[in-house]
Student: 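Please find one structure pasted underneath; my questions will follow.
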Amino acid sequence: MEVIITDSYEAMSAQAAKMIAQQILHKPSSVLGLATGSTPVGTYKELIRMHKEQGLDFSKVVTFNLDEYVGLPPSHNQSYRYFMDHNLFHHINVPTGHIHVPYGHAESVLDFCAWYESEIKRYGGIDIQILGIGGDGHIAFNEPGSSLGSRTRLKTLTQETITDNARFFANMDEVPRFAITMGVGTILEARKIIMLANGSKKAKIVAEAIEGPVSSQVSASALQLHRDVVVILDKEAASKLKRADYYKWVYDQKAKLMPALIGKAT
Ligand code: F6R
């Protein structure tokens, strides 16, 4: 696992966008795994800027989002499809047919989830997966207790996540209780994973996920089992890491001696 500690949310976002852009330049038909939430918004802004100002081309890129609420149509302003359209897809040239976001109105959630998994495989798997981390350590909507081998499925959200989400809805009753989410096992099959976290509210769970034991109680800790994970943090989110000085040292050594290795887990 490589841990990169940056000075600010903007620096974290720029670093992540740079790695995604490198991936697209290296393989124009890259399959990107994408997350919603407040964390990746700056990364998406930077990718949009690169598209508009530098011609970063998404015309062959294929995307798979991690999750979606059950019961919200894609047109609902709190659906993850709506979020992605407005924060990224409408501002770049990714063809609509290349975009995959779990469908929260599927007639059979079971069939839909099996199809989603098979689509990821049909496109050759995810090249680079972007993740945020929830206050309870979830990645995608893999709430504590999710099997570390889980696949795309229906998940009941925890009360903590429902309360966290309540600020976006008119009242508690409107907040979805269920989501379709990629599983931890699905995520671990991505060839490369970038997890982002910012702000002091995330410091404790980030330290547990990176430096604590691997446990289904903190889904993000499963990333320790993956061979190519880069965690990019701002300094507040990194503030409870015991080995922060070592991570900074590794980064500085690479920057000085082998800059091409930055962003490659070692
Ligand atoms: C969203 C997702 C979630 C978020 C997490 C953090 O697609 O997969 O796991 O990444 O809840 O959310 P923010 O970024 O809003 O703190």
Side-chain angles (χ1 to χ4, degrees), residues 9-10 12-13 16-17 32-45 63-70 72 74 76 78-89 99-104 116 120 126 128-146 148 150-169 175-188 190 193-206 208-210 216-223 229 231-234 236-238:
Y9 175 75
E10 289 70 28
M12 175 197 84
S13 305
L32 306 182
L34 299 176
T36 56
S38 51
T39 310
V41 169
T43 304
Y44 297 154
K45 275 201 181 122
T63 68
F64 283 91
N65 262 80
L66 288 167
D67 42 16
E68 176 62 286
Y69 292 121
V70 169
L72 298 190
H76 190 289
Q78 291 307 325
S79 77
Y80 284 176
R81 176 59 196 245
Y82 185 96
F83 174 97
M84 289 307 301
D85 281 345
H86 289 265
N87 285 289
L88 184 65
F89 299 147
I99 294 170
H100 304 82
V101 179
Y103 185 55
Y116 206 67
I120 295 173
I126 291 171
I128 192 162
Q129 175 68 58
I130 307 304
L131 297 175
I133 178 170
D136 59 6
H138 68 225
I139 46 175
F141 269 137
N142 294 289
E143 300 286 33
S146 292
L148 301 187
S150 52
R151 313 299 310 187
T152 303
R153 69 205 184 291
L154 182 78
K155 193 74 196 164
T156 309
L157 306 180
T158 60
Q159 279 149 314
E160 181 179 352
T161 301
I162 293 167
T163 315
D164 269 1
N165 290 340
R167 61 201 148 117
F168 302 116
F169 293 85
V175 190
R177 269 43 175 176
F178 301 97
I180 294 175
T181 180
M182 277 189 208
V184 180
T186 320
I187 292 168
L188 289 179
I193 297 176
I194 299 177
M195 187 172 86
L196 305 173
N198 65 286
S200 53
K201 262 177 75 181
K202 296 283 173 74
K204 183 169 172 285
I205 198 68
V206 162
E208 279 181 47
I210 297 177
S216 64
Q217 296 306 307
V218 179
S219 302
S221 67
L223 300 179
V229 175
V231 181
I232 312 177
L233 306 168
D234 70 354
E236 287 79 17

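In what follows, every heavy atom counts, from backbone to side chain, and hydrogens, waters and symmetry copies are set aside. When a ligand or atom number is given, it counts from 1 through the structure's own listing order.
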Student: Heavy-atom distance under 4.5 Å between the side chains of N165 and Q78, does that happen here?
Tutor: no
Student: Pick one: which of I210, L188, I133 meets side-chain contact (heavy atoms from CB on, under 4.5 Å) with L223?
Tutor: L188
Student: Counting distance only, does the side-chain N/O of Q129 pair as donor-acceptor with the main-chain N or O of A190 below 3.5 Å?
Tutor: no
Student: With a 3.5 Å cut-off and sequence neighbours excluded, list the donor-acceptor pairs that the side chains of residues 176-185 form with protein atoms.
Tutor:
{"residue": "R177", "atom": "NH1", "partner": "M172", "partner atom": "O", "Å": "2.9"}
{"residue": "R177", "atom": "NH1", "partner": "V175", "partner atom": "O", "Å": "2.8"}
{"residue": "T181", "atom": "OG1", "partner": "F141", "partner atom": "N", "Å": "3.0"}

Student: Are the side chains of V101 and Y82 in contact, using a 4.5 Å heavy-atom criterion?
Tutor: no
Student: Hey, looking at atom 9 (O) of ligand 1, which of P40, G132, A140, P102 has the closest heavy atom?
Tutor: A140
Student: Tell me: protein heavy atom nearest atom 16 (O) of ligand 1, and distance?
Tutor: K202 NZ, 2.6 Å
Student: Below 4.0 angstrom from a heavy atom of L66, which ligand 1 atoms are there? Numbered from 1 as shown, please.
Tutor: 8 (O)
Student: For S146 and R153, test the side chains for any donor-to-acceptor distance below 3.5 angstrom and give the result as yes or no.
Tutor: yes
Student: Can you name the atoms of ligand 1, numbered from 1 with element, that are less than 4.0 Å from a heavy atom of G37?
Tutor: 14 (O), 15 (O)
Student: I'd like to check which ligand 1 atoms, numbered from 1 as shown, lie under 4.0 Å from a non-hydrogen atom of T39.
Tutor: 13 (P), 14 (O), 16 (O)
Student: Considering only non-hydrogen protein atoms, determine which one is nearest to atom 1 (C) of ligand 1 and report residue, atom name and distance to 0.1 Å.
Tutor: T36 OG1, 3.1 Å
Student: Nearest 0.5 Å, what's the CE-CG distance between M195 and L233?
Tutor: 7.0 Å
Student: Given E68, H138, M182, identify the one with the heavy atom nearest to atom 5 (C) of ligand 1.
Tutor: H138
Student: In the protein, what heavy atom is nearest to atom 6 (C) of ligand 1, and what distance, to one decimal place, separates them?
Tutor: I133 O, 3.4 Å
Student: Using salt bridge (Lys or Arg N to Asp or Glu O under 4.0 Å) as the criterion, list what pairs up with R151, not counting sequence neighbours.
Tutor: E117, E189
Student: Regarding ligand 1, does I139 bring an N or O atom to under 3.5 Å of one of the ligand's N or O atoms?
Tutor: no
Student: Just which atoms of ligand 1 are under 4.0 Å from any heavy atom in D67?
Tutor: 1 (C), 2 (C), 7 (O), 8 (O)
Student: At less than 4.0 angstrom from any non-hydrogen atom of S38, what atoms of ligand 1 do you find?
Tutor: 13 (P), 14 (O), 15 (O), 16 (O)
